[in-house]
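See structure below.
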Amino acid sequence: MARILDGNAIAAQIRAEIKSEVARLPITPGLATVLIGDNPASATYVRNKRKACAEVGIASFGYELPADVTESEVLTLLEELAQRDDVHGILVQLPLPSHLDQSRILQAIPPHKDVDGFHPANLGVLGLKGKQPLFAPCTPQGCIELLQRSGVTIAGKHAVVLGRSAIVGLPTALMLLARDATVTICHSKTANLSAVVRQGEIVIAAIGKPCFVTADMIQPGAVVVDVGINRVDAPDQPRGYRLVGDVDFAGVSAVASAITPVPGGVGPMTIAMLLSNTLLAAQRTLAKQKLLEQDSNL
Ligand code: GUN
């Protein structure tokens with residue numbers, strides 16, 4: 001039976017570390033969250049992010065815009081948030097309503113406040129050997145932190161990433177590569193998918209398809225990280241749905257050596273990394289202020 005990689009417990013430990021760092025700062029780190037439209041899952045994610053901010057002493061400023069908001073209204077808000085001294089990080093929850101140009105909106109967040117790490121100036125740097133972005137994207141960073149804090153060695157391992165999205169699959173693959181894994185990326189056009197995934201000593205599933213990864217695709221002893229959070233109808237549940245990952249947990253946990261659950265695996269790690277990036281943004285602001293003060297004393 002696989003060991004459960006407990007994202008709830010590891011994220012709680014990270015939040016405690018962040019809380020004590022925040023308490024030592026002479027300023028309150030601030031995160032602005034922008035939620036557009038009425039996607040219920042997005043609303044839940046933003047609520048959980050703001051709740052986590054409150055728990056560690058980060059101020060959050062929530063903006064909720066209607067689904068029919070114009071792009072220029074969104075851009076005006078982002079410009080205003082970019083200027084504010086009490087806002088160290090800005091997050092626009094994805095996905096956006098289809099009439100909005102996602103890349104234009106993400107590029108309107110200044111890279112030094114881009115705590116989601118989605119600006120091309122941050123995402124793109126992940127592809128440059130030896131360079132670090134100002135902020136790494138939260139879910140990929142959460143997967144890596146979860147592996148490292150669970151004692152899983154990445155260097156030299158064959159890691160198979162299922163999914164090539166710009167915000168999870170591709171950056172996760174690049175970050176594993178930077179940590180010296182041998183990386184294969186699989187996607188919807190991959191031939192002999194099962195055979196390829198079975199080569200993975202570390203398998204990261206990020207495709208958004210409930211229970212897609214089954215036991216026959218996993219080599220005995222592999223470490224399996226399930227990024228998927230899929231709502232499937234369950235009339236017997238109070239909310240009418242239940243959450244399942246991209247991995248068939250029951251089947252795969254019989255062959256893997258370690259596996260993340262859903263919920264309680266990558267999800268809380270993503271939020272912990274957002275808090276960590278927001279703390280980092282505030283610390284950088286302080287460091288810059290100190291330098292300016294030194295300059296003016298010369
Ligand atoms: N949608 C799915 N994952 C994320 C995330 O990490 N950040 C934001 N802003 N939107 C998302």
Can you tell me how far apart [atom1] ([X]) and [atom2] ([Y]) are? Round to the nearest 0.5 Å.
{"X": "Phe118", "Y": "Gln102", "atom1": "CZ", "atom2": "CD", "value": "8.0 Å"}
{"X": "Ile204", "Y": "Cys186", "atom1": "CD1", "atom2": "SG", "value": "12.0 Å"}
{"X": "Glu79", "Y": "Ser72", "atom1": "CD", "atom2": "OG", "value": "10.0 Å"}
{"X": "Leu176", "Y": "Ile144", "atom1": "CG", "atom2": "CD1", "value": "4.5 Å"}
{"X": "Arg164", "Y": "His187", "atom1": "CZ", "atom2": "NE2", "value": "4.5 Å"}
{"X": "Thr76", "Y": "Leu81", "atom1": "OG1", "atom2": "CG", "value": "11.0 Å"}

- [ ] Determine, step by step, whether Ile259 and Phe249 satisfy the side chain to side chain contact (heavy atoms under 4.5 Å, CB included) criterion, reporting the C-alpha distance in whole Å, the side-chain angles of both residues, the deciding distance to 0.1 Å, and the verdict.
- [x] CA-CA 8 Å; Ile259 185 169; Phe249 183 87; 3.7 Å; yes
Does [X] use its side chain to pair, donor to acceptor, with the backbone of [Y] at less than 3.5 Å?
{"X": "Glu201", "Y": "His158", "answer": "yes"}
{"X": "His99", "Y": "Val69", "answer": "yes"}
{"X": "Asn230", "Y": "Gly245", "answer": "yes"}
{"X": "Asp246", "Y": "Asp226", "answer": "no"}
{"X": "Arg179", "Y": "Met175", "answer": "yes"}
{"X": "Arg3", "Y": "Ser257", "answer": "no"}
{"X": "Lys157", "Y": "Val152", "answer": "no"}

For the student: nearest non-hydrogen atoms of [X] and [Y], plus distance:
{"X": "Ala2", "Y": "Ala258", "result": "CB-N, 3.8 Å"}
{"X": "Gly30", "Y": "Phe61", "result": "CA-CE1, 4.0 Å"}
{"X": "Ser194", "Y": "Asp216", "result": "OG-OD2, 4.3 Å"}
{"X": "Ser150", "Y": "Ile10", "result": "OG-CD1, 3.6 Å"}
{"X": "Gly7", "Y": "Met269", "result": "O-SD, 3.9 Å"}
{"X": "Ser42", "Y": "Leu94", "result": "OG-O, 3.6 Å"}

Task: Verdict with supporting geometry, Thr172 and Thr139, side chain to side chain contact (heavy atoms under 4.5 Å, CB included) - done: CA-CA 8 Å; Thr172 303; Thr139 299; 5.8 Å; no
Task: Under 3.5 Å side-chain donor-acceptor pair for His88 and Thr278 - done: no
Task: Distance-only side-chain donor-acceptor flag, Gln13 / Glu17, under 3.5 Å - done: yes
May I ask you to check whether over 12 heavy atoms, not counting those of [X], lie within 6.0 Å of atom [atom1]?
{"X": "Asp38", "atom1": "CG", "result": "no"}
{"X": "Arg231", "atom1": "CZ", "result": "yes"}
{"X": "Arg284", "atom1": "CZ", "result": "yes"}
{"X": "Gln148", "atom1": "CD", "result": "yes"}

Open item on the list: Applying side chain to side chain contact (heavy atoms under 4.5 Å, CB included) to Met273 and Ile14, what does each step give before you reach the verdict?
Closed with: CA-CA 9 Å; Met273 295 303 105; Ile14 296 170; 3.7 Å; yes
Indicate yes or no: at least one non-hydrogen side-chain atom of [X] is less than 4.5 angstrom from one of [Y].
{"X": "Asn277", "Y": "Gln141", "answer": "yes"}
{"X": "Gln283", "Y": "Leu25", "answer": "yes"}
{"X": "Thr33", "Y": "Cys53", "answer": "no"}
{"X": "Leu162", "Y": "Leu193", "answer": "yes"}
{"X": "Val125", "Y": "Leu123", "answer": "no"}
{"X": "Val197", "Y": "Ile218", "answer": "yes"}
{"X": "Val115", "Y": "Cys138", "answer": "no"}
{"X": "Val92", "Y": "Leu78", "answer": "yes"}

- [ ] Could you tell me whether Glu293 and Lys290 make a salt bridge, using a distance below 4.0 angstrom between a side-chain N and a carboxylate O?
- [x] no
- [ ] Considering only NZ, NE, NH1 and NH2 on the basic side and carboxylate oxygens on the acidic side, decide whether Arg50 and Glu64 come within less than 4.0 Å.
- [x] no
Is [X] linked to [Y] within one hydrophobic cluster, defined over Ile, Leu, Val, Met, Phe, Trp and Tyr using a side-chain heavy-atom separation of less than 4.5 Å?
{"X": "Ile202", "Y": "Phe212", "answer": "no"}
{"X": "Leu147", "Y": "Val224", "answer": "no"}
{"X": "Ile105", "Y": "Val34", "answer": "yes"}
{"X": "Tyr45", "Y": "Leu96", "answer": "no"}
{"X": "Leu5", "Y": "Leu243", "answer": "no"}

TODO: Please name the residue in the list Val87, Leu274, Leu279 that meets the side-chain contact (heavy atoms from CB on, under 4.5 Å) test with Leu31.
DONE: Leu274
- [ ] Could you give me the CA-CA distance, side-chain angles and deciding distance for Leu286 and Gln289, then say whether side chain to side chain contact (heavy atoms under 4.5 Å, CB included) is met?
- [x] CA-CA 5 Å; Leu286 276 172; Gln289 272 171 9; 3.8 Å; yes
